[in-house]
Protein chains: 2
Amino acid sequence: MEPIYLRIFKDIEAKILAGDWRPGHRIPREHDFADDYGCSRMTVSKAMTALVERGLVVRKRKTGSFVASPQIDRTVMDIQDIGTEATLAGYEHRYEILTRKIETLGSVEAAQLDSTSGAEVLRIQCLHIVDGKPTAVERRIILLDTVPLARNESFATAPPAKWLLSQVPWSRAKHVIRAVSADAATARILEIDRGEPCLNLIRQTWQNDRMVTYVEITHPGDRFQFAGIFHPAEKTA
Amino acid sequence: MEPIYLRIFKDIEAKILAGDWRPGHRIPREHDFADDYGCSRMTVSKAMTALVERGLVVRKRKTGSFVASPQIDRTVMDIQDIGTEATLAGYEHRYEILTRKIETLGSVEAAQLDSTSGAEVLRIQCLHIVDGKPTAVERRIILLDTVPLARNESFATAPPAKWLLSQVPWSRAKHVIRAVSADAATARILEIDRGEPCLNLIRQTWQNDRMVTYVEITHPGDRFQFAGIFHPAEKTA
DNA sequence: TAGTGGTCTAGACCACGGG
DNA sequence: CCGTGGTCTAGACCACTAT
């Protein structure tokens, strides 16, 4: 028999991940859940606490509990939205959309992504400029089947990473970090010499087994690093 | 007023991190804590659950609760002990200690490490060979003040990372990942060309504000990558 | 002031697993 | 078997904060 608190946890999690309850949505009070599930408030509390720990929910006394704003990638180091990082570090950040087109996924690429061939995708190339220097080139694929709103999004007001975070809660992500030599195209965009070492981050994101996006971000090795401080499974905040 | 469960949590955590309770040590029963702190067993349970989530404690019915074996670095991607990674991937792994000497920390380096000048350290250089190919050079400093047993350790049976994990529970770690060009010395050791892109990981580890170790690991860009799959704040295991 | 979450109790029953 | 943790109750009081 599954514990009640786990059932409550999973039910709420599912509603959030499915998008039924959007960020900012007010979640019923503990007392209501206790009535609905026929359990004590403490049992509900245990489920809610776990949801807060997972970052899906924020709670305020008197006001209630709400679906959290889409999360940053707190489990990994702050490999996240470049603009936010740069702003936090006190740098000026801007970006340019270099290319933007809608395509269907070829069979080879679909296999690489463990996705379905023929799926419609939005393919974007984007340059990030921090403190006046080209700092990252972002090559991204967004599955239009999963994120239909992306079809008409220009990304004029928010870069793709940030925009996606505001649209789609994620449930799973896969990361790869490598060091590579800059190829000709990348070198030209980043204004570095061909063959220079670059830090290459690949991230693939799913929402409940449906792929959301695949992105490859390439940084000049001398202009970027990933850093983070970690405790063994951060808790209390 | 600090909640009781937090006090219990911190007290136990402190004992473990200080080394008073070594890995495998049996922790008193919930009932005993409830008596000691004059609280109910549920309050103790909340503290213990949090300790399990942090990976400091493992619990078994009937047998009791025990200090967990030193953790791998689960918060970051499995940037961990190279041998373990290689073995998991099905490769043969061996290592060679290239240099090993005891020194005192110069003032410049001490400042870099945010440590005390004049502290005695063990400096090690170590080459990791996976599947017959040089895959990483590890340059490490171990604070002998924090880990006195390292003074006479030859690292013949376990590489430094693994040995350290078995000796010292860690409470905080800082990571930096960069892409760099191979310098002459590194290129020679890794049998690559000078200037080739390399993935560079720096990790500094503390135990309760006392620095344990500083390590810089350099991988050839074409022979290594960091990878991981993450859920938002892994919980249930 | 009143509504919400945060913590806590003093019990209880059950599930698991070693002897 | 029986000791241990896992879950749960039906209340309670307190802390915070929007109004």
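So that the names make sense, note that chain A is the first sequence line, chain B the second, and so on, each numbered from 1.
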Return the nearest nucleotide to the side chain of B:K62; candidates are D:dT7, C:dT9, C:dG17. C:dG17
Among the nucleotides D:dT9, C:dT9, C:dG18, whichever has the atom closest to the side chain of A:I4 is D:dT9
Does B:S65 place a side-chain N or O at less than 4.0 Å from the phosphate oxygens OP1/OP2 of D:dG5? yes
Taking only residues two or more places apart in sequence, or in another chain, which ones meet B:R59 in a side-chain hydrogen bond (donor to acceptor under 3.5 Å, both in side chains)? B:E30, B:S65
Nearest-nucleotide 5' precedence on DNA chain D, B:R29 against B:S45: B:R29
5'-most contact on DNA chain D (nearest-nucleotide basis), B:H31 vs A:E2, goes to B:H31
B:I217/B:L199 under side-chain contact (heavy atoms from CB on, under 4.5 Å): CA gap, chis, key distance, verdict: CA-CA 8 Å; B:I217 298 176; B:L199 198 53; over 6 Å; no
A:T43 side chain N/O closer than 4.0 Å to the phosphate oxygens (OP1, OP2) of D:dT9? yes
Give a yes/no on whether any side-chain N or O of B:Y5 is located under 4.0 angstrom from OP1 or OP2 of C:dT7. yes
Looking only at D:dG6, D:dT9, C:dG6, the nucleotide nearest the A:R59 side chain is C:dG6
Can you confirm whether A:H31 is buried at NE2, in the sense that more than 12 heavy atoms of other residues, nucleotides or ligands lie under 6.0 Å from that atom? no
Do B:V147 and B:L164 come close enough that some side-chain heavy atom pair is under 4.5 Å? yes
Between B:Y5 and B:A50, is there a donor-acceptor pair closer than 3.5 Å when you use the side chain of the first and the backbone of the second? no
When the C1' atoms of the five terminal pairs at each end define the local axes, what inter-axis angle does the helix from C:dT1-D:dA18 to C:dG18-D:dC1 show, to 10 degrees? 10°
Looking at B:R94 and B:G132, would you say the former's side chain and the latter's main chain have a donor-acceptor pair under 3.5 Å? no
Looking at A:K46, does any N or O in its side chain come under 4.0 Å of the phosphate oxygens OP1/OP2 on D:dT7? yes
B:S45 side-chain N/O to B:T43 backbone N/O, donor-acceptor pair under 3.5 Å: no
Between A:M211 and A:L113, is there a side-chain heavy-atom distance shorter than 4.5 Å? yes
Please list, pair by pair, any protein nitrogen or oxygen found under 3.5 Å from a nitrogen or oxygen in nucleotides 11-14 of chain C.
unit_1 : atom_1 : unit_2 : atom_2 : d
C:dA12 : N6     : B:R41  : NH2    : 3.1

Does A:R26 put a side-chain nitrogen or oxygen below 4.0 Å from OP1 or OP2 of C:dT4? yes
